[in-house]
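Each ligand, and each atom within it, is numbered from 1 in the order the structure gives.
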Amino acid sequence: MRALFSLTLHALLITLPLFAVATAAATPEVFAIGTRSFALNFEVGTDGRLYQHALGTDGDRSKPSRNDEAYPPAGDGYIYEPALRVVHADGNTSTDLLYTGITRTNEAAGRELVRIGLRDPAYPFEVALCFRTHRDDDVVEQWSEIRHSEPGSVQLERMASASMLLPPTNVTLTHFSGDWADEMNPVSELITPGTKVLDSKIGVRAHQFGNPSFILSLDGPATENSGRVLAGSLAWSGSFQCAFDHIGSRVRVLTGVNPYASTYHLKPAETFTTPTMIWAWSNNGLGGMSRKLHAWARDFGCRDGHQPREVMLNNWEATGFDFDFERIANLFEPAKQIGTELFLLDDGWFGNKFPRVNDGAGLGDWQPNRRRLPNGLAPLAAAAVKHGLRFGIWIEPEMVNPKSELFEQHPDWVIRQPLRELELQRQQLTLDLTRPEVQDFEWQVIDGALGVPGVSYGKWDCNRYLTQPGSSWLAADRQSHLWIDYVHALYALMDKTARAYPKTELMLCSGGGGRVDYGALKYFHEFWPSDNTDPVRRVRMQWDYSYFFPGMTLASHVTHAGNRPLHFACSVAMSARFGMDLDLAKLSAQDKAVCAGAISAYQRIREVTHLGELFRLERPHDAARGALDFVSPDQARAVVFVFQLKDGDAAVVRPQGLAPAMRYTVRELNPAPHRAALPQEGQSFTGEALMRDGIVPSCQKSLEACVIELAR
Ligand code: DGJ
């Protein structure tokens with residue numbers, strides 16, 4: 001107690017001038033952080049604290065109460081779910097934060113960095129609330145930076161990236177959950193009193209059961225073209241928490257790393273930077289929200305976001321682990337013939353003492369298997385390149401099978417709990433990335449694969465989550481750092497990879513959609529949304545991912561999953577980043593022609609689907625069909641997709657986003673064999689007429705699809 005008292009006195013002396021400045025503020029300081037149509041309104045109270053006016057209550061200037069603190073710390077008066085909970089170096093579990101000032105830095109035209117300073121009047125402890133505003137995209141990135149100079153570490157028990165206040169009534173939350181091969185199922189619900197928590201406590205492959213992206217709608221359930229909506233997406237690949245705390249008079253949204261078992265000991269002079277929360281606002285419904293978020297993502301959320309993606313052939317769904325040099329090399333000629341541009345060799349190319357012939361062995365031993373690839377990867381890559389194909393390679397650098405030379409040599413490198421029986425998932429364990437030797441090892445794996453001459457694509461997979469979160473590298477009293485330090489080390493590795501291989505295209509994969517977030521995606525070009533490639537399921541899933549992620553980042557491969565007609569499967573895949581997972585040697589001539597037609601159609605439209613704006617037209621959930629269109633930035637071209645999920649009546653589909661006065665010629669791309677042509681095939685109409693009267697698609701029966709180009 002004596003220690004606590006003397007430290008407090010000491011801290012008071014240090015911070016007294018600041019404290020004096022804060023309390024001297026006579027008239028409240030009011031300011032806003034905003035974009036073209038979005039504003040976060042703040043007010044510094046007469047008590048020196050920072051308050052936020054609930055979103056959408058712009059006219060309401062009533063005096064803020066303690067419930068309205070912008071970033072409420074625990075332990076000194078605030079009684080609800082806090083944004084910050086700290087145990088100070090002297091053991092004091094309370095924090096108070098007073099406003100110290102705001103700085104605004106113009107980073108580029110329409111882009112501003114705003115930092116709001118907060119400081120504890122009794123401790124040398126500060127928080128900077130940081131915002132990067134993207135004016136034209138109506139996107140705000142938000143994070144917090146926490147620092148102190150107390151005479152010892154402080155414990156961060158809760159450290160939100162963002163805290164956001166909403167009005168208490170009529171706010172609908174849409175969130176997305178699922179499991180392996182069944183990702184992104186939407187649920188919409190009214191936020192009612194109490195705390196609703198969306199979270200993950202599994203650290204790695206952290207989004208297997210739920211994505212850290214959600215939509216808040218302020219005017220009743222969201223629609224595509226009307227209503228005020230706010231998308232939130234946490235850029236964090238580890239355990240996360242998004243809490244919606246309805247406290248009667250307000251809804252407070254808190255997002256960030258999951259505080260569960262994650263106490264973080266912050267040393268003096270170190271800065272803890274939280275993950276970034278990405279917000280996208282629209283006054284005009286979900287469509288506007290996604291288009292803005294996609295525009296931001298092309299610039300900041302993924303790599304090479306202005307470069308349309310090439311057509312890939314992947315062998316996983318076709319061969320699984322069963323291949324050798326000949327079988328793969330024999331795919332190159334037919335792949336090239338149908339127009340494929342890139343080949344990706346998936347799992348199974350490595351391991352000698354423990355060959356990787358199934359998922360039970362070899363993971364961790366990244367030497368090419370001598371029986372399958374006697375001369376290594378380079379000759380296979382060279383053979384692909386000789387056929388005019390780019391070549392890519394699969395890796396899973398974070399994982400190890402117990403049946404591997406790596407595990408024999410370094411059993412202490414895995415994440416596990418002492419005295420507990422090892423718990424395997426997919427017969428594998430996670431390497432402890434907080435350990436420097438593991439960081440070096442994983443870099444060697446990545447560099448070894450991507451550095452093979454001829455390799456210009458990599459797929460980074462990750463097939464298990466943490467169930468026994470123990471590290472033999474971290475000290476006994478720092479085990480709680482594992483969740484956060486793992487992700488930081490992972491990002492360091494991803495960053496190093498992107499820098500070392502600036503021209504290599506990268507896919508983010510985690511047994512499907514187990515790691516889909518902008519924290520990781522910024523180092524990648526695309527993500528693998530799901531191992532469920534049944535196009536019927538993909539129509540809905542791609543729709544739901546498209547709220548947050550642009551189609552160019554969403555890998556969509558044609559497979560035989562669900563045994564659907566190939567024309568339907570190709571049409572669905574073509575609406576995102578197109579790829580194939582087919583054994584071309586086994587395709588009939590007619591199916592090959594359908595694929596070739598789809599590839600050439602995709603190559604014709606990818607500038608529009610990847611760089612243009614998305615309009616979701618008809619929601620496929622519980623409906624007979626789904627429809628969407630993409631419009632090029634200059635509005636001179638558009639592509640309409642109609643996916644028939646049940647028998648229907650060929651009702652007109654009404655495109656959106658066209659220039660009303662422009663004339664467009666209607667043309668179906670890659671029409672299905674034996675189906676009547678579009679009634680409007682080859683005819684020209686104004687954009688206004690097309691948007692008003694619609695187009696009669698050529699599909700009507702279940703599992704038919706129609707892709708229509710509208711060109712000036
Ligand atoms: C899981 C991925 O999602 C699949 O696409 C495939 O790469 C397998 N892993 C390989 O083990």
Next on the checklist: Salt bridge or not between Asp322 and Arg327? Use side-chain N to carboxylate O under 4.0 Å.
Outcome noted: yes
Next on the checklist: Taking side chain to side chain contact (heavy atoms under 4.5 Å, CB included) as the definition, give me every residue that meets it alongside Ala318, ordered by chain and number, with sequence neighbours left out.
Outcome noted: Asp583
Item to check | Arg577 versus Ser556, side-chain donor and acceptor atoms under 3.5 Å | outcome: no
Checklist entry - Can you list, by chain and residue number, every protein residue with a non-hydrogen atom closer than 4.0 Å to ligand 1? => result Trp316, Asp346, Asp347, Trp394, Arg426, Lys459, Asp461, Asn463, Cys509, Gly511, Gly512, Trp528, Asp531
Checklist entry - Do Arg205 and Glu183 meet the salt-bridge criterion of a basic N to acidic O distance under 4.0 Å? => result no
Checklist entry - Thinking salt bridges, do Arg499 and Asp495 make one under a 4.0 Å N-O criterion? => result yes
Checklist entry - So, Ser237 versus Asp517: side-chain donor-acceptor pair below 3.5 Å or not? => result yes
